Participant: 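To start, I am sharing the structure in question, which I have written as structure tokens.
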Amino acid sequence: MRISCNRKLLAALTAAAMGVVSFPTVISSSAADDVIYATGFEAGEEIVFTGRGGIEVIESSTEQVHGGDAAMCVSGREKSWNGPQLLLDDICEPGVEYVVSAWGKSEWYSTFSLSMEYTDADGIRQYSNLKSFQGDAWNEFSEVKFSFSADQTNVYLYFECSDATCKMYIDDFVLAPAPVIPIQEDIPSLSDLYSPYFNIGTAIMASNLSSPSFMALVEKHFDDSITFGNELKPDFVLNKAACQAMAAEGNDTNPQVTLSAARSLLNYCRDHNLPVRGHTLVWHSQTPDWFFKENYADDGDFVSREVMLLRMENYIKNVFAALEAEYPTVNIYAWDVVNEAWQDDGNPRNPGEQGSSGSGNSAWVKVFGDNSFIEPAFTYARKYAPEGTKLFYNDYNEYMPQKTQAIVDMATDLAAKGLIDGIGCQSHLDVSFPSTSAYEKAIAAFAATGLEVQITELDVTTSDTSEAGLTTQAQYYSDIMDVLVKYSDSISAVVFWGVTDDQSWRAEKLPLLFDASFQAKPAYDAIVDGLEMPDITTTTTTTTTTLTTETTIVLTSTGGAYTLLGDVNCDGMFKVSDIILLNRFLAEDNSITITDTGLANADFDQNGVPDGDDAAAMLMRLAALD
Ligand code: XIL
């Protein structure tokens with residue numbers, strides 16, 4: 001590895017680290033040569049890392065070395081969070097993606113982590129782990145991506161070790177802007193291709209926003225539906241300090257919320273007119289234990305069922321109120337009201353705290369005694385969600401037969417009470433399990449409830465990451481998509497849990513359709529193969545076609561009851577998929593149905609008849625907008 005150290009930069013970094021002067025930004029767009037800070041911690045080189053605990057001894061040492069003649073040695077630690085930190089505010093820019101590489105070494109029993117910390121818009125200090133490893137060999141942090149947004153301040157990169165006192169060694173540190181790799185523009189858009197069947201979406205995290213290539217893939221392939229990977233979960237939305245302050249004033253049942261973690265994603269979806277799946281309101285995981293405790297104290301007793309019902313109602317009410325107040329134009333068309341309440345054997349989760357290691361126990365069950373918290377959650381969601389919001393129950397391993405049955409029974413009961421609109425099948429799959437036929441049985445059972453079905457978190461892991469393994473994965477993906485197309489009358493959206501493998505929550509097993517370089521994998525090719533890209537240039541020349549379908553539409557000469565001209569599939573947006581849908585309909589494709597409102601929206605020229613002229617006019621309009 002080439003190790004360089006820009007002297008002028010180092011001097012400025014030193015000054016910035018000491019808080020003396022503000023550092024001139026040194027950033028350029030080409031990553032390869034544009035290293036911001038690179039050092040091998042050789043003798044005589046100034047080390048600009050500072051100790052997080054203020055007690056660490058940080059020095060160049062020959063005790064343990066990866067490259068060159070020395071490494072950074074950090075000793076004198078007393079807490080696991082003690083370690084070296086690098087202030088980024090003055091050397092990196094918000095909204096830009098960077099990569100950091102380094103080698104680290106400690107003891108075999110200690111987990112060595114690279115993380116980021118910052119102060120968020122609410123003044124709360126936040127910590128986010130970027131990568132960890134265990135073992136006493138030298139391990140590489142290779143091109144680990146990170147970014148931060150404009151409302152995050154006092155941003156540091158830091159290293160820490162789970163063992164409180166062991167020495168840490170770090171070598172060959174390089175910080176640079178992430179290279180911008182173009183996406184493949186000439187391949188078909190998944191959302192266009194699948195538009196006759198269902199919407200296509202994905203999950204994204206706030207950190208993805210700073211990668212132009214990542215977001216280009218989102219906009220090209222997954223623009224029908226966006227889920228926030230974490231940022232609308234109770235862990236991120238509950239404001240502990242404000243909750244405790246309110247409790248101190250005597251109100252222990254009105255949980256306070258903040259959208260600060262979700263803000264950059266909400267802004268993005270608002271500005272790009274992207275429909276959002278809200279994820280999630282009531283969940284045992286990623287929900288702090290203190291939410292269930294008296295006075296919201298970590299060590300408090302669990303509150304009563306009555307208190308928790310009030311907290312649940314007010315939490316749900318406050319989330320919807322905050323979204324309405326701050327983001328009235330973001331189309332959050334669906335919410336996962338309750339997530340993962342059933343075990344594989346069809347029973348409720350075990351009662352208990354979630355704990356820092358994620359026990360799988362449910363504090364909801366602890367307080368309620370059973371799953372009787374589910375119905376009130378849907379009741380409150382129905383009461384406070386904007387009219388028309390689709391309410392979903394969402395779960396994983398949904399294909400385990402007893403769990404499938406528990407979900408069907410619960411959903412049928414809620415549906416009879418008018419409280420639920422859909423079932424979300426997470427679909428975190430592996431090439432070896434479940435079989436396509438087992439998966440199909442579950443989809444068939446959910447479809448038979450008459451509720452809307454969405455695939456909400458699709459990914460497919462493979463332990464074999466060789467070319468052969470990726471081919472097997474491609475076949476599995478293709479078989480699953482065949483099942484979903486077969487049930488497309490019941491399925492309204494297929495949402496992937498991420499875009500590129502490296503950014504996935506299961507990154508090591510390469511579960512997604514695009515690789516870390518933003519290129520389509522065999523899995524992408526497999527789910528595109530056999531699906532024809534509708535040819536919009538030939539079909540738009542169609543002239544007036546008599547509408548002879550069973551759909552009755554009453555259009556007045558002034559155009560009738562349209563909601564958004566061009567929005568043929570009534571998803572709140574006007575896109576090329578609407579033109580494709582209209583053309584297929586006009587070509588009397590029997591698999592296509594368009595609602596009355598959709599047909600009213602299709603009458604783009606408002607002459608009373610949706611026809612080929614409208615399709616042509618819509619195409620011209622979109623071309624002009626581009
Ligand atoms: C995952 C996120 O992707 C991770 O970043 C996070 O660390 C853990 O949660 N089921 C769900 C999702 O409903 O919210 C989970 O998301 C994956 C499993």
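Note that this is a predicted model, so its numbers are computed, not measured. By convention here, the first residue in the shown sequence is residue 1. Just so you know, ligand 1 is whichever comes first in the structure, and atom 1 is the first atom listed for that ligand.
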Participant: How far apart are the closest heavy atoms of K131 and V144, and which atoms are they?
Facilitator: CD-CG2, 4.0 Å
Participant: Would you say ligand 1 has an N or O under 3.5 Å from any N or O of N339?
Facilitator: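 Yes - when backbone and side-chain N and O of N339 are compared with those of ligand 1, one distance drops under 3.5 Å.
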Participant: Pick from F302, F373, W283: which one makes a ring-ring contact (aromatic ring centres under 6.0 Å, His included) with W364?
Facilitator: F373
Participant: Taking the six-membered ring for Trp, are the ring centroids of F159 and F141 within less than 6.0 Å of each other?
Facilitator: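 Centroid separation for F159 and F141: below 6.0 Å.
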Participant: Enumerate the atoms of ligand 1 whose separation from the nearest heavy atom of E340 is less than 4.0 angstrom.
Facilitator: 10 (N), 11 (C), 13 (O), 18 (C)
Participant: Counting each atom of ligand 1 from 1 as listed, which ones have a heavy atom of W283 under 4.0 Å away?
Facilitator: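 Atoms satisfying the 4.0 Å criterion: 14 (O).
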Participant: Looking at atom 8 (C) of ligand 1, what's its closest protein heavy atom, distance included?
Facilitator: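 Result: Q286 OE1, 3.4 Å.
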Participant: How close does the nearest protein non-hydrogen atom get to atom 5 (O) of ligand 1, and which residue and atom is it?
Facilitator: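 Checked against all protein heavy atoms, atom 5 (O) of ligand 1 sits closest to N230 ND2, 3.0 Å.
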Participant: Can a side-chain donor-acceptor contact be found between N394 and E340 if the only test is distance below 3.5 angstrom?
Facilitator: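 No - no donor-acceptor pair under 3.5 Å links their side chains.
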Participant: For atom 3 (O) of ligand 1, what's the nearest protein heavy atom and its distance?
Facilitator: W497 NE1, 2.9 Å
Participant: Taking the six-membered ring for Trp, is the centroid-to-centroid distance between F514 and F214 below 6.0 Å?
Facilitator: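 No, too far apart.
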Participant: Check whether NZ of the Lys or CZ of the Arg K403 lies under 6.0 Å from the centre of the six-membered ring of Y396 and within 45 degrees of that ring's axis.
Facilitator: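 Yes, K403 and Y396 form such a contact.
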Participant: Which of the numbered atoms in ligand 1 are below 4.0 angstrom from a heavy atom of K233?
Facilitator: 1 (C), 2 (C), 9 (O), 12 (C), 14 (O), 15 (C), 16 (O)
Participant: Can you confirm, on distance only, whether ligand 1 has an N/O atom lying under 3.5 Å from any N/O atom belonging to E457?
Facilitator: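 The answer is yes, given that E457 and ligand 1 share an N or O pair closer than 3.5 Å.
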